[in-house]
> 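Quick one: this structure, given as structure tokens, is what I'll be asking you about.
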Amino acid sequence: MNKSLFDELGEENIKVLVNRFYDLVFNDERIAHLFKTDKALIKEKQRLFLTQFLGGPSLYSEVYGHPKLRARHLPHPIGIKEAEAWLSCMSQAIATLAVGQHIKDELIKRFVPTAMFMVNKEN
Ligand code: HEM
């Protein structure tokens, strides 16, 4: 059986990824203004979510219920430009991980369609 991306990365890499990602997001003038909640809480939610998104235990759903990600993003105006900014922060954060290139490529492949699915306005 193929290992999930969660198995390949492990909990520590997911923590590192989430930390670096939001440090970039909160300093990115294209999207930083959208994030209004406490940074530590956003990081923790994303750690729980990515654990299950990448094939690990359903930590996010245990606490917050069904992710309904697109619905949860509707209050935030997201166009293609914002999705690209999000993906560029995520790509940069992924690039810093100490894992093989194949894993990095697989991660990007998972994030691109999900980010595009969040687009809810025209730029
Ligand atoms: C396409 C660009 C995206 C933008 C601009 C964006 C922006 C946001 C914003 C503004 C929030 C609310 C933060 C707050 O509470 O202040 C949020 C929450 C969240 N986002 Fe995104 N997001 C994007 C894509 C994604 C993707 C691709 C994923 C998952 C792979 C994701 C996962 C989450 C999660 C899990 C939350 C927390 C939801 C909750 O409140 O429980 N987002 N996002």
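First listed ligand is number 1; within each ligand, the first listed atom is number 1. Since the structure is predicted, the reported quantities are computational estimates derived from the model, not experimental observations.
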> Does only the side chain of Ile78 get under 4.0 Å from ligand 1, or the backbone, or both, or neither? Count heavy atoms.
side chain
> Return the CE to CD1 distance between Met116 and Ile78, rounded to the nearest 0.5 Å.
11.0 Å
> With heavy atoms of Ala83 as the reference, note each atom of ligand 1 found under 4.0 Å away.
1 (C), 2 (C)
> Tell me if a side-chain donor or acceptor on Asn120 pairs with a main-chain N or O of His76 at a distance below 3.5 Å.
yes
> Same cluster or not: Val16 versus Leu24, using hydrophobic residues (I, L, V, M, F, W, Y) connected whenever any side-chain heavy atoms lie under 4.5 Å apart?
no
> Test your reading of the model: is there a side-chain donor-acceptor pair from Arg47 to the backbone of Ile14, 3.5 Å cut-off?
no
> Can you tell me which portion of Val119 lies within the under-4.0 Å heavy-atom range of ligand 1? Options are side chain, backbone, both, or neither.
neither
> Counting from 1, what ligand 1 atoms have a heavy atom of Leu34 closer than 4.0 Å?
5 (C), 10 (C)
> Quick one: does Lys43's side chain have a donor or acceptor within less than 3.5 Å of a partner on Val18's backbone?
no
> Under 4.0 angstrom from ligand 1, any heavy atom of Tyr60?
yes
> For salt bridge (Lys or Arg N to Asp or Glu O under 4.0 Å), just list the numbers for Glu106 and Lys109, CA-CA rounded to whole Å, side-chain angles, deciding distance to a tenth of an Å, and then say yes or no.
CA-CA 5 Å; Glu106 287 300 313; Lys109 263 198 230 164; 3.2 Å; yes
> Rounded at 0.5 Å granularity, tell me how far CE in Met90 sits from CZ in Arg110.
12.0 Å
> Taking the inter-plane angle between the rings of Phe26 and Phe35 on a 0 to 90° scale, is it parallel (under 30°), tilted (30 to 60°) or perpendicular (over 60°)?
tilted
> Nearest protein heavy-atom contact for atom 37 (C) of ligand 1: which residue, which atom, what distance?
Lys45 CD, 3.9 Å
> Under a 4.0 angstrom heavy-atom cut-off, which atoms of ligand 1 come close to Lys36?
16 (O)
> Among all protein heavy atoms, pick out the one at the shortest distance from atom 15 (O) of ligand 1; state its residue, atom name and that distance to 0.1 Å.
Thr37 OG1, 2.4 Å
> Hey, is Phe111 one of the residues with a heavy atom under 4.0 angstrom from ligand 1?
yes
> List every atom of ligand 1 that sits less than 4.0 Å from any heavy atom of Ile42, numbering the atoms from 1 in the order shown and giving each element.
13 (C), 14 (C), 16 (O)
> Could you name all protein N, O or S atoms found under 2.8 Å from atom 21 (Fe) of ligand 1?
His73 NE2
> To which protein heavy atom is atom 7 (C) of ligand 1 closest, and what is the distance rounded to 0.1 Å?
Phe35 CZ, 3.3 Å
